[in-house]
Chemist: 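If you scroll down you'll find the structure; I have some questions about it.
Bear in mind the structure is a predicted one, so any value in this text is a computation, not a measurement. Hydrogens, waters and symmetry mates are skipped; everything else that's a heavy atom, side chains included, is used.
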Amino acid sequence: MKKIVFGFTVLFIFSLISCGQTKTSESFTAMNTFMTVSLYSSSAKKGEAACNQIKNRIIELEGILSTTLSTSDVYFINHNKNLPDPLKPELLELLNFSEDMYNKTNGAFNPALYPVIREWGFTTEEYKVPTEQRISELLLHTDFSAFCDSGFLAGVKIDDGMEFDFGAVGKGYAADEAVKILEKNGVKSALLDFGGNIQTVGKKPDGSLWRVGIKNPWTGGAVCALSVESKAVVTSGGYERYFEDENGKRYIHIFDPKTGHPCEGDLESVTIVTSSGKYADTLSTALFVMGKEDAVEWWKDNSDFDFILITKDRELVYSAGLQNFLEPLYQFKTVEVVHR
């Protein structure tokens, strides 16, 4: 019997304090995710207006990026094999961003892997281990660079076997859009939880840093606490969602685009800390695919983010930029701070 586990990249938020400002919170479901917006403003009316604008914007983005909504632009691309005309600016922005990240990560981030992931059952919940022949056939249609060569012109035809899924960047992009709305509304203190994708705006109302707990892959709870200001904190982990075959072998939902198989590397989770939600979202997946050694080397060549790696050997490895802001809450086998 297959064992199926669903989970979330849960990050815990410690100590929400209000000091002379009105707290407004709203929760809703979008992008197949339970989302919560908590903000502090000068009045409840302003807070409610900002929350409504964020909710409406995210629902609008879902209507563009969803792989399952028959009215979405991504659904149109996947089923008609050409780009819609007109091409919405949000989709064009994500396509350009995805091309850049695909190239920078040498394909570790690949939004064209959807047919492979579906074959394994992670989109239908009908889990199975495909044959190597079937995986090889599907991989022939996952060259995102070939699609990028079209220049993203409306009406351009794409490979009949190619399909897209922006799930590894969509929530991060939505968080970035929410931050823009908060800034326009003059909100200087807010916390966004988009299914474990955490985005903080400013500091807490009392002037202290937000304290975010990273989930323990083995026991639940928080494995370490991170203090941040105006940062996205996004985690990808092999414990989030997986199934087991009859022999107890585990297959996780994060895939190696080169092999078409779920990742079997040395990492349990990757947390990215940076200002951009979509950048953090993308990198948390890409660095997980790379594995510990390559992830560290990639960071050394790119100075615009920090990371926390938790390995299967129960090691904690994190970048030096977090040295004064990260507190381990678990007895790791080793703790390593990486410098450039």
Side-chain angles (χ1 to χ4, degrees), residues 9 65 67 74 77-78 81 94-124 127-150 152 158-173 234-243 249-270 272 278-299 301-302 305 307 309 312:
T9 312
L65 303 176
T67 57
V74 170
I77 294 171
N78 288 345
K81 306 307 177 186
L94 269 191
L95 286 171
N96 282 315
F97 176 78
S98 296
E99 178 184 18
D100 183 50
M101 294 306 299
Y102 176 85
N103 292 331
K104 285 182 176 178
T105 63
N106 193 30
F109 167 73
N110 185 355
L113 207 62
Y114 186 63
V116 175
I117 297 172
R118 183 177 58 214
E119 187 71 16
W120 283 81
F122 280 97
T123 62
T124 62
Y127 299 97
K128 64 179 180 180
V129 179
T131 65
E132 288 303 315
Q133 180 180 348
R134 180 57 176 158
I135 293 171
S136 297
E137 291 172 354
L138 292 172
L139 284 176
L140 293 175
H141 305 288
T142 62
D143 183 2
F144 188 61
S145 63
F147 167 70
C148 294
D149 289 341
S150 70
F152 308 139
I158 64 172
D159 184 326
D160 283 344
M162 183 172 285
E163 295 182 63
F164 303 111
D165 179 6
F166 293 97
V169 66
K171 288 190 295 182
Y173 181 55
V234 180
T235 299
S236 289
Y239 57 86
E240 295 173 35
R241 184 181 179 191
Y242 61 86
F243 74 92
K249 181 176 175 59
R250 178 181 294 191
Y251 301 94
I252 68 173
H253 78 294
I254 304 174
F255 278 72
D256 184 339
K258 290 183 171 61
T259 67
H261 283 254
C263 291
E264 295 183 342
D266 54 3
L267 295 174
E268 282 286 3
S269 73
V270 174
I272 302 298
K278 66 177 183 290
Y279 191 45
D281 210 359
T282 303
L283 283 184
S284 67
T285 299
L287 268 61
F288 189 98
V289 172
M290 293 178 193
K292 174 186 170 182
E293 183 176 344
D294 288 345
V296 170
E297 290 304 311
W298 201 90
W299 169 78
D301 293 331
N302 298 271
F305 72 97
F307 68 82
L309 309 180
K312 291 180 179 178

Chemist: So, do Leu95 and Phe166 sit near enough that their side-chain heavy atoms are less than 4.5 Å apart?
Modeler: yes

Chemist: Output yes when a side-chain donor or acceptor of Lys292 lies under 3.5 Å from a complementary backbone atom of Gly265, and no otherwise.
Modeler: no

Chemist: According to salt bridge (Lys or Arg N to Asp or Glu O under 4.0 Å), does anything in residues 101-116 pair up with another residue at least two apart or in another chain? List the pairs.
Modeler: Asp100-Lys104

Chemist: Return yes if some donor-acceptor pair links the side-chain N/O of Ser150 with the main-chain N/O of Phe147 below 3.5 Å, else return no.
Modeler: yes

Chemist: Under the side chain to side chain contact (heavy atoms under 4.5 Å, CB included) test, which residues partner Cys263, sequence neighbours left out?
Modeler: Ile252, Ile254, Asp256, Phe288, Val289

Chemist: When rounded to the nearest 0.5 angstrom, what is the spacing between CZ in Phe164 and CG in Asn110?
Modeler: 9.0 Å

Chemist: Looking at every heavy atom in both Lys312 and Glu264, which two are closest together, and how far apart are they?
Modeler: NZ-C, 3.9 Å

Chemist: Sequence neighbours left out, what passes side chain to side chain donor-acceptor pair (under 3.5 Å) with Gln133? Give chain and number order.
Modeler: Glu137

Chemist: Does Met101 reach the side chain of Leu283, with side-chain heavy atoms less than 4.5 Å apart?
Modeler: yes

Chemist: Could you pull out all residues at least two apart from Glu99 that satisfy salt bridge (Lys or Arg N to Asp or Glu O under 4.0 Å)?
Modeler: none

Chemist: Closest approach of Met162 and Ala112, non-hydrogen atoms and distance?
Modeler: CG-CB, 4.3 Å

Chemist: For Ser284, which residues count as a side chain to side chain donor-acceptor pair (under 3.5 Å) partner, sequence neighbours excluded?
Modeler: Ser236

Chemist: Atom OG1 of Thr282 and atom OH of Tyr173: how far apart are they, to the nearest 0.5 Å?
Modeler: 12.5 Å

Chemist: The test is side-chain contact (heavy atoms from CB on, under 4.5 Å); show your working for Tyr102 and Asp143 and say whether it passes.
Modeler: CA-CA 10 Å; Tyr102 176 85; Asp143 183 2; 3.5 Å; yes

Chemist: Can you sort out the partners of Phe97 under ring-ring contact (aromatic ring centres under 6.0 Å, His included), two or more places apart, ordered by chain and number?
Modeler: none

Chemist: Can you tell whether the side chains of Lys128 and Glu119 come within less than 4.0 Å, N to carboxylate O?
Modeler: yes

Chemist: Can you tell me how far the CD1 atom of Ile272 sits from the CH2 atom of Trp299, to the nearest 0.5 Å?
Modeler: 11.5 Å

Chemist: Could you state the interatomic distance from CG (Leu138) to CD1 (Ile117), rounded to the nearest 0.5 Å?
Modeler: 11.0 Å

Chemist: Of all heavy-atom pairs between Ala108 and Ala286, which one has the smallest distance, and what is that distance?
Modeler: CB-O, 3.7 Å

Chemist: Apply side chain to side chain contact (heavy atoms under 4.5 Å, CB included) to Ser136 and list each qualifying residue two or more places apart in sequence or on a separate chain.
Modeler: none

Chemist: Would a 4.5 Å heavy-atom cut-off, applied to side chains only, mark Thr123 and Thr67 as touching?
Modeler: no

Chemist: Between His261 and Trp120, what is the ring plane arrangement, given parallel below 30°, perpendicular above 60°, and tilted in between?
Modeler: perpendicular

Chemist: Find out whether Phe152 and Asn96 are in side-chain contact, i.e. whether some heavy atom of one side chain is under 4.5 Å from a heavy atom of the other.
Modeler: yes

Chemist: Out of curiosity, Ile135 CD1 to Thr259 OG1, how far, rounded to the nearest 0.5 Å?
Modeler: 7.5 Å

Chemist: In Å and rounded to the nearest 0.5 Å, what is the CG to CG distance from Asp266 to Asp294?
Modeler: 9.5 Å

Chemist: Please find the pair of heavy atoms, one from Ser269 and one from Tyr239, that lie closest to each other, and give the distance.
Modeler: CB-CE2, 3.8 Å

Chemist: By ring-ring contact (aromatic ring centres under 6.0 Å, His included), which residues pair with Tyr114, not counting sequence neighbours?
Modeler: none

Chemist: Could you go step by step and tell me if Leu287 and Leu267 meet the side-chain contact (heavy atoms from CB on, under 4.5 Å) rule?
Modeler: CA-CA 9 Å; Leu287 268 61; Leu267 295 174; 5.9 Å; no

Chemist: The criterion is salt bridge (Lys or Arg N to Asp or Glu O under 4.0 Å); which residues satisfy it with Glu132, sequence neighbours excluded?
Modeler: none

Chemist: Using the side chain to side chain contact (heavy atoms under 4.5 Å, CB included) criterion, which residues pair with His253? Sequence neighbours excluded.
Modeler: Phe122, Glu240, Arg241

Chemist: Among residues two or more places apart or on two chains, list those pairs meeting salt bridge (Lys or Arg N to Asp or Glu O under 4.0 Å) that have a residue in residues 159-168.
Modeler: Arg118-Glu163

Chemist: For Lys81, what residues pass the salt bridge (Lys or Arg N to Asp or Glu O under 4.0 Å) criterion, not counting sequence neighbours?
Modeler: none

